[in-house]
Structure formats: C-alpha cells, structure tokens
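Worksheet: one structure, shown below.
So that the names make sense, note that chain A is the first sequence line, chain B the second, and so on, each numbered from 1.
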Number of protein chains: 2
Amino acid sequence: MRLSTRGHYGLKAMYDLARHYGAGPIPLKNVAARQNISGYYLEQLIAVLRKGGLVKSVRGAQGGYVLARPPDEIRVGDIIRILEGPIAPVECVSEIRTAECDQADRCITRTVWEKVRDSITQVMDSISLADMCREEERSRQNRE
Amino acid sequence: MRLSTRGHYGLKAMYDLARHYGAGPIPLKNVAARQNISGYYLEQLIAVLRKGGLVKSVRGAQGGYVLARPPDEIRVGDIIRILEGPIAPVECVSEIRTAECDQADRCITRTVWEKVRDSITQVMDSISLADMCREEERSRQNRE
DNA sequence: TTGAAAACCGAGTAATATAGTAGGAATTTT
DNA sequence: AAAATTCCTACTATATTACTCGGTTTTCAA
C-alpha cells in the first residue's frame, strides 16, 4: 500500500515551488538541492508535471519552473494523479475507466476498495499547496 | 497508489472463508475456484496468513482452512497488514517505526502522508469480515 | 558575441518486486 | 492402500523503480 517516490518527490518539489511562488522561475537544481532529491531524476518527474499542466518552464539562463496556477488552486490529488495515475487501491476500482470485473456487482470486496479509494481522494483533494505553506508557517512559529 | 494482488486476493480468500465459517475446514482448491485465483499462488498467500495467525489449517483429506477467529473479530486492516506489511503511503510515515527522515519534524509533506495513512487505516480497521458478509446478504436481498 | 545557465530529450541499467508455475514431501481420512 | 489435502522450496518471466548519463536547444548577461 505504497506510493512510489514519484509522488513523494513530486509533492516535495511542488511544495518547494509553492513556497517560492511569485519569485520568478526557480531552477530545478535549487529545488533538488533543497529537497534532497537527485537532480537527474527530478528532471524526469517535472517533465511529467509540465505535460500535465501543473508547472510552466522558462528556458535558458535565469530560467526555471513556476507553478502554472496559484498554490491554492493546486491540490495534492492533482499532483499524485499526474505522477502515479488514477487513484485506485486495486485496478477494478480505478477512478478512471473501471476495468470490468468478472464478478461485476456481486463482488463485495470491491465495495471495500471503493471506500478506501474515496477516503484517500477525500484527503488528497482537500489539501492544497497553499494549505501546506500555511501549515509550515504555523509550525515554524511554534518552534520560536 | 496501489495494493498488489496479494492484498486483493487475500481479502477475497478470507471473505470466502468467512462466508463458510462454521462449516468445517474449507479446501483451498474450492476457495481458489470460487474466487477465481490461481491455486498455486493462493497457497503462498494463505501460508503467510497462517503464520500471521489469521487462519488455521487442517491437514490431510477433508482438511482445509478455517478462520482463526470469528468473522467479526477479523478486520480488513489485519489482513492487509499481514500480506502487504504496515500501512504507509510513503516509508517515512510507516505505522511501524522505520527510517528516520533527514528533514525530521520540519517536513510538511510528511504530515500530508500521515493524514492519508490515517484515513486508510480508519476505513480498513472499521470493516470486519462479518460486516462484509452482512453487506453481501443485504445486496443479495435487494436483487430478489 | 560569446559563455554559461538552464530546460529538454532519449537511452541505458542494476536491483527489486510481482505474479505466478512447478514438483514433491508430509499428513490425514476413507 | 489410495486419495485428498497442506506444506515447503525453488524457479522464472516480466515489469517497475529509481536512478545515471550524454548530448541538444534555448536564453540571458557580460
């Protein structure tokens, strides 16, 4: 019951971009260094996020990446769906295109996975990058 | 964000045993046939469940498997934890104490995964095999 | 106008996990 | 004795993961 590092690193990177939102394009190298992720690897992940429309790139020197929308309009679920595909604890209850299960509607285990899926999406879709930034702010103040 | 077939098949098998609880040992062959799972493969999964204390085996002819506890005392979470390990969307928020995260407590993405994990466990630990049997009964009556 | 900084692209790779398959030994009932 | 069944170990093909790497293109800034 695991996410791969794709989703894990992807959220870290997007959160990093959110924290620097408004400061112009952020070079990936900086993101990778701050979040302690392989730069080469992150390059591949950000390409997927760009094609998915979550970030925009600025090429050339002084270039980098910027969130395509403000932090309060990007939710964790958006990121995970793009990097890991539709949320589905088992393939027969995928958010997208339900592969026809042989047992069809008399499969009771299916309803269990639907409940699990719904609880995951409920959490992921309720948290935006802006929420995460606010939470960081709060916990930073607590430490002082 | 997927379970492997281990958890998927494992729950099916356990549910099958729950439906036949009280009818003596059920041969694995029957479970595999009814649930449409490879018998060879299921053999490996049931061995894990047995070592995990969720089923008991009766060897020899007319033997088979029986739930180790009544269906209302076995929850989905018990089965998944044994077959797939501790529930953890990412390894740094495993239910079981594992690797230290370098960022420790100032990692905000961590709190997201903790919320996801808690919502998954909340669902899985609230559904017992007995609940599933009751739900089956209800949906069977609806079809009539 | 040149050099450096960056995104972009595609290929390769070692390790691990997945989803089985298979054969045979041990145990128990009929 | 035969049949049914669990139990145990090993094998395998495929896919995924988490990278690494080399090179190309674009753009800015001195």
Side-chain angles (χ1 to χ4, degrees), chain A residues 1-13 16-17 20 23-52 54-68 80 83-85 88-92, chain B residues 1-13 17 20 23-33 35-68 80 83-85 88-92 99:
Chain A
M1 200 57 199
R2 287 260 164 106
L3 235 62
S4 70
T5 59
R6 293 170 66 86
H8 191 183
Y9 292 173
L11 179 60
K12 280 189 171 199
D16 194 276
L17 292 180
H20 296 86
I26 312 294
L28 202 58
K29 208 174 55 170
N30 298 7
V31 176
R34 274 192 296 261
Q35 300 300 323
N36 198 29
I37 302 172
S38 150
Y40 286 129
Y41 190 39
L42 187 54
E43 235 180 67
Q44 291 174 36
L45 304 185
I46 203 90
V48 177
L49 292 168
R50 181 173 53 80
K51 283 165 196 156
L54 290 191
V55 298
K56 284 179 177 156
S57 64
V58 179
R59 300 188 67 167
Q62 268 61 49
Y65 291 92
V66 187
L67 295 184
I80 298 306
L83 287 173
E84 310 237 357
V90 304
E91 75 286 359
C92 63
Chain B
M1 199 58 198
R2 286 260 163 106
L3 233 64
S4 70
T5 59
R6 293 169 66 85
H8 190 182
Y9 292 172
L11 180 60
K12 281 191 171 198
L17 292 181
H20 296 86
I26 312 294
L28 202 57
K29 207 175 55 172
N30 298 7
V31 175
Q35 302 298 324
N36 199 28
I37 303 171
S38 149
Y40 286 129
Y41 190 37
L42 188 53
E43 236 180 67
Q44 291 175 39
L45 304 184
I46 202 90
V48 177
L49 292 168
R50 182 173 53 81
K51 284 165 194 155
L54 291 190
V55 298
K56 284 180 178 158
S57 64
V58 178
R59 302 186 67 169
Q62 267 60 50
Y65 291 92
V66 187
L67 296 183
I80 299 306
L83 286 173
E84 310 237 357
V90 304
E91 76 286 1
C92 61

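For the atom pair I80(B) CD1 and H8(B) NE2, the distance stands at 9.5 Å (nearest 0.5 Å). Rounding to the nearest 0.5 angstrom, the gap separating the CG atom in L28(A) from the CG atom in D16(A) is 9.5 Å. Residue R6(A) holds its CZ atom at 14.5 Å from CG of L11(A), rounded to the nearest 0.5 Å. The line from NZ of K12(B) to OG1 of T5(B) is 10.5 Å long, rounded to the nearest 0.5 Å. Put simply, CD1 on I46(B) and CG on L17(B) are 5.5 Å apart, with the number rounded to the nearest 0.5 Å.
Checked against side chain to side chain contact (heavy atoms under 4.5 Å, CB included), A32(A) has the following partners two or more places apart in sequence or in another chain: L42(A). The ring pair (Phe, Tyr, Trp, His ring centres under 6.0 Å) test applied to Y41(B) returns Y9(B), not counting sequence neighbours. Every side chain to side chain donor-acceptor pair (under 3.5 Å) that S4(A) has, sequence neighbours left out, goes to E84(A).
One finds a side-chain N or O of Y65(A) lying less than 4.0 angstrom from the OP1 or OP2 phosphate oxygen of dC8(C). Residue K29(A) places none of its side-chain N or O atoms closer than 4.0 Å to OP1 or OP2 of dA5(C). OP1 or OP2 of dT20(D) lies within a sub-4.0 Å distance of a side-chain N or O belonging to S38(A).
Taking a 4.0 Å limit (strictly below) on heavy-atom distances, residues 42-54 of chain B reaches DNA chain D at E43(B), Q44(B), R50(B). In the region residues 2-11 of chain B, proximity to DNA chain C at under 4.0 angstrom, judged on heavy atoms, holds for S4(B), T5(B), Y9(B).
Rounded to whole Å, the distance from CG on L28(B) to C1' on dC8(D) is 14 Å. One atom, NZ of K56(B), and another, P of dC7(D), lie 13 Å apart when rounded to the nearest Å. With rounding to whole Å, Y40(A) atom OH is found 15 Å from dT13(C) atom C1'. Atom CD1 of I26(B) and atom P of dT6(D) are 11 Å apart (whole Å). Nucleotide dC9(C) holds its C1' atom 17 Å from the OH atom of Y41(A), rounded to whole Å.
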Extract all donor-acceptor atom pairs below 3.5 Å that involve side chains of residues 48-66 of chain B and protein atoms in other chains or at least two apart in sequence.
none

Short heteroatom pairs, N/O only, protein and nucleotides 26-30 of chain C, under 3.5 Å:
unit_1, atom_1, unit_2, atom_2, d
dA26(C), N3, R59(B), NH2, 3.2
dT28(C), O2, A61(B), N, 3.2

